[in-house]
Amino acid sequence: MANYQLLNNIAHKDVKINIQHKSEFGDAVGGCLVFPAELLAVQREYPILLQKDAESGLFQLIALFGFKNSENLFLSEHEWNARYIPAIMRKDPFSIGFQKDPENPTKETPVIHIDMDSPRITQGDDGIPLFLSAGGVTALIEDVKKNLMTIHQGLGEAKIFIDVLLEHELLENFTLDAQFDDDTRLQTQNYYSINVEKLYALPEVVIAELHKKGYLQLIYLIHFSMGNIKNLVSRKNKKILDAQ
């Protein structure tokens, strides 16, 4: 169970964070949520797909890391082998919260909470400090702030974007069919991508509006990221070969 505390430079002055990526830190996952602001970086490495949440039934943007729930083909013993790591996977052990301004009850200030039971918490040489000796914040905290805001704002931005895709019927279910070198095969219809035929059939005025709002670029990023499925299969086959 998490033990979240409001981060401050007194109670947590000696706390360090191990920023390595390992299975024991929760990095052995087959994919994660991604957000519109990071799709340009995400599509350089991962397939970007849409999937319905099992509980709510709502669509979510995800980056695919592997072909099983606990399979991250970008993860080695101590590092994540990619040019970009999605924001969600760089979040722990932090979360964002909001405090009301006592002088202005309508205004809320973002604050950082830290899970003191996280395995990333350390006071040893394997960690990066959160605070300077004089009490100021380190560059790590500044990065954490930006990352948490990307996630917080991204949740709302992703919903609006997905609603636009649904409004114009631009999503289509497809069969992810992958054959591996150990003679195993994956076939699943759990994912959705862009229906290019319907995209091309949209009226010019709609295309212009999508472009104006930045959604057309996001649509193409999702579409062209599908080529990364082939790269993911290659990573899987290399892992199979290395295990022989």
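Position 1 is the first residue of the sequence; numbering continues from there. Because the structure is a prediction, the values reported are computed rather than measured.
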Of Leu39, Ile194, Leu216, which meets side chain to side chain contact (heavy atoms under 4.5 Å, CB included) against Leu221?
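Only one option passes, and that is Leu39.
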
My understanding is that only one of Leu64, Leu50, Ile229, Thr175 makes a side chain to side chain contact (heavy atoms under 4.5 Å, CB included) with Tyr191; could you say which?
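In the set Leu64, Leu50, Ile229, Thr175, the residue that makes a side chain to side chain contact (heavy atoms under 4.5 Å, CB included) with Tyr191 is Leu64.
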
Quick one, [X] and [Y] - any side-chain contact, counting heavy atoms below 4.5 Å?
X	Y	result
Gln187	Leu176	no
Lys22	Glu77	no
Ile114	Ile121	yes
Phe174	Leu49	yes

Does the side chain of [X] come under 3.5 Å of the side chain of [Y] through a donor N or O and an acceptor N or O?
X	Y	value
Asn173	Gln189	no
His211	Gln217	no
Arg90	Asn147	yes
Asp53	Ser56	yes

State the OH-CD1 distance between Tyr215 and Ile222, to the nearest 0.5 angstrom.
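That separation rounds to 12.0 Å.
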
Examine [X] together with [Y] and report whether their ring centres are nearer than 6.0 Å.
X	Y	value
His152	Phe98	yes
Tyr46	Tyr84	no
Phe25	Trp80	no

In this structure, are over 12 heavy atoms from other groups packed under 6.0 Å from Ile19 atom CD1?
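Result for CD1/Ile19: open.
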
Any Lys/Arg nitrogen of [X] or [Y] sitting under 4.0 Å from an Asp/Glu carboxylate oxygen of the other?
X	Y	value
Lys213	Glu209	yes
Lys198	Glu169	yes
Arg120	Asp27	yes

Could you tell me whether Lys236 sits above the aromatic face of Phe180, with NZ or CZ closer than 6.0 angstrom to the six-membered ring centre and within 45 degrees of the axis?
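Yes, a cation-pi geometry.
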
Give the ring-plane orientation class for Phe224 versus Tyr220, where under 30° counts as parallel, over 60° as perpendicular and anything between as tilted.
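Judged by the thresholds at 30° and 60°, the geometry between Phe224 and Tyr220 is parallel.
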
Could you walk me through whether His12 and Asn8 pass the side chain to side chain contact (heavy atoms under 4.5 Å, CB included) check?
CA-CA 6 Å; His12 307 112; Asn8 67 82; 4.0 Å; yes

